[in-house]
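Here is the structure we will look at.
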Amino acid sequence: MSAPLTLAARIEALLFLAPDPIGVEELADALQTSEEAITNALITLEGALEGRGLVLKRIGGGLALASHPDAEEAARRLLSRPRTPALTPAQAETLAIVAYLQPVSRPEVARIRGVASESATTALADRGLIEEAGRSQFGAVLYRTTGLFLKLFGLESPEALPEVAQWDPSPEEAQTLRDRLLRAGEARTSGQ
């Protein structure tokens, strides 16, 4: 078992995760400690980063981790490369179906989604997120997720996917949603 993280290490983790600079007050609140303790830990963190690829920067009244100025030229080259576009909603739906039901065929995906899924399936295969995994008894190509999918989603295996049931509405939420939909439908019909 590893030793508990120091305050400086926990600050480093928060700064790494934060998309924007974070103020000392916010850090103190998140870490449930005093602003003085945060300030002292920031001095320790700055010392720990000495000679490393990251520096602690004060930006817009907050703090952020940034690449060392000596790495700027290489960082510009790396970041100037074209980026892979985000998944479309159709691709995201298809990927979720494949991830949870693998191996699964394109006709099965289309039946679940209610629309053709050829384009989404092809795009996901081209991007290396899914791959062929054999044929169904009816001859349809079966798909499964790839190692790249696991890496990008931080999973050890497909079994590590979150349980789908955690997103199911409770009976009360389902009833509330049903009531809202019925009222909206009645309002539409009475307005015509």
Indicate, with yes or no, if Val164 and Leu101 share a hydrophobic cluster defined by side-chain heavy-atom contacts under 4.5 Å among Ile, Leu, Val, Met, Phe, Trp and Tyr. yes
Starting from the C-alpha separation in whole Å, work towards a yes-or-no answer on side chain to side chain contact (heavy atoms under 4.5 Å, CB included) for Leu49 and Leu54. CA-CA 6 Å; Leu49 292 173; Leu54 296 175; 4.3 Å; yes
Nearest 0.5 Å, what's the CD-CD1 distance between Glu26 and Ile38? 11.0 Å
Is there a path from Leu65 to Leu5 through hydrophobic residues (I, L, V, M, F, W, Y) whose side chains come within less than 4.5 Å of each other? no
Let me confirm one number: the CD1-OG1 distance from Ile97 to Thr121, rounded to the nearest 0.5 Å. 9.0 Å
With rounding to the nearest 0.5 Å, note down the distance linking CD in Glu118 to CZ in Arg106. 4.5 Å
Okay, side chain of Thr88, backbone of Gln91: is any donor-acceptor separation there less than 3.5 Å? yes
Inter-residue atom distance Thr145.OG1 - Leu155.CG, 0.5 Å rounding: 8.5 Å
Output yes when a side-chain donor or acceptor of Gln102 lies under 3.5 Å from a complementary backbone atom of Ala99, and no otherwise. yes
For side chain to side chain contact (heavy atoms under 4.5 Å, CB included), just list the numbers for Leu63 and Ile11, CA-CA rounded to whole Å, side-chain angles, deciding distance to a tenth of an Å, and then say yes or no. CA-CA 10 Å; Leu63 298 140; Ile11 291 170; over 6 Å; no
With sequence neighbours left out, what residues match Arg144 under salt bridge (charged side-chain N to carboxylate O under 4.0 Å, His left out)? Glu131
Let me confirm one number: the CD-NE2 distance from Glu50 to His68, rounded to the nearest 0.5 Å. 7.0 Å
Which value, rounded to the nearest 0.5 Å, describes the distance between Glu36 atom CD and Asn40 atom CG? 5.5 Å
